[in-house]
Amino acid sequence: MEFTAARIAKLARVASRRVEGMRIVLDGVADPGNRAAIIRSAEAFGILNVHIIPPPVIPGKQTPVARKKHYRAISTGSEKWINVIRHDTPHD
C-alpha cells in the first residue's frame with residue numbers, strides 16, 4: 001500500500017495527539033476479556049501507557065485463563081500502538 005503525502009501528514013497529526021501524560025493502571029483485573037477491552041478503549045482514546053498489575057494468587061482459586069489466547073488476540077492490534085507495562089506488584 002502506498003501512502004500519499006496527505007495520508008502521511010494525517011498519520012503524523014494523529015500520532016502527535018497521543019496522550020502521554022495520562023496512564024491507565026489495571027490493578028488485579030483477572031478476566032482477560034476485560035483487560036483486552038480496556039486496552040482497546042485506551043488505544044481508541046489516544047492513551048499511550050497502560051500498566052498491568054496481576055491479581056494476587058489465592059491458593060485453591062484459579063483466575064479465568066481458559067480463553068486467554070482468544071482474548072490476547074483481540075487486544076494484540078492495540079498493543080502495537082500503546083505501551084503495555086507489566087508489573088509484578090503495585091510497588092514496582
Checking side-chain contact (heavy atoms from CB on, under 4.5 Å) for the pair Asn83/Leu48: CA distance, chi angles, key distance, verdict? CA-CA 6 Å; Asn83 300 319; Leu48 190 58; 3.8 Å; yes
Taking it one step at a time, do Ile53 and Asp92 satisfy side-chain contact (heavy atoms from CB on, under 4.5 Å)? CA-CA 9 Å; Ile53 304 165; Asp92 289 346; over 6 Å; no
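By the rule that hydrophobic residues join a cluster once side-chain heavy atoms approach within less than 4.5 Å of another member, Met22 and Ile85 end up as members of separate clusters. There is no path of hydrophobic side-chain contacts, each under 4.5 Å, that joins Val25 to Ile39.
The list of ring-ring contact (aromatic ring centres under 6.0 Å, His included) pairs with a residue in residues 28-51, not counting sequence neighbours, reads His51-His87. Counting only residues at least two apart or on different chains, no ring-ring contact (aromatic ring centres under 6.0 Å, His included) pair has a member in residues 19-38.
The minimum heavy-atom distance between Asn49 and Glu20, with the atom names listed, is ND2-O, 3.5 Å. In this structure, Ile82 and Ile47 approach most closely via the heavy-atom pair CG2-O, 3.1 Å. In plain terms, the two heavy atoms of Pro55 and Val29 that are nearest each other are CD-O, 4.2 Å. Of all the heavy atoms in Leu26 and Ile24, the pair that sits closest is CD2-CG2, 3.9 Å.
Distance check: Glu43 CD to Arg40 CZ gives 10.5 Å after rounding to the nearest 0.5 Å.
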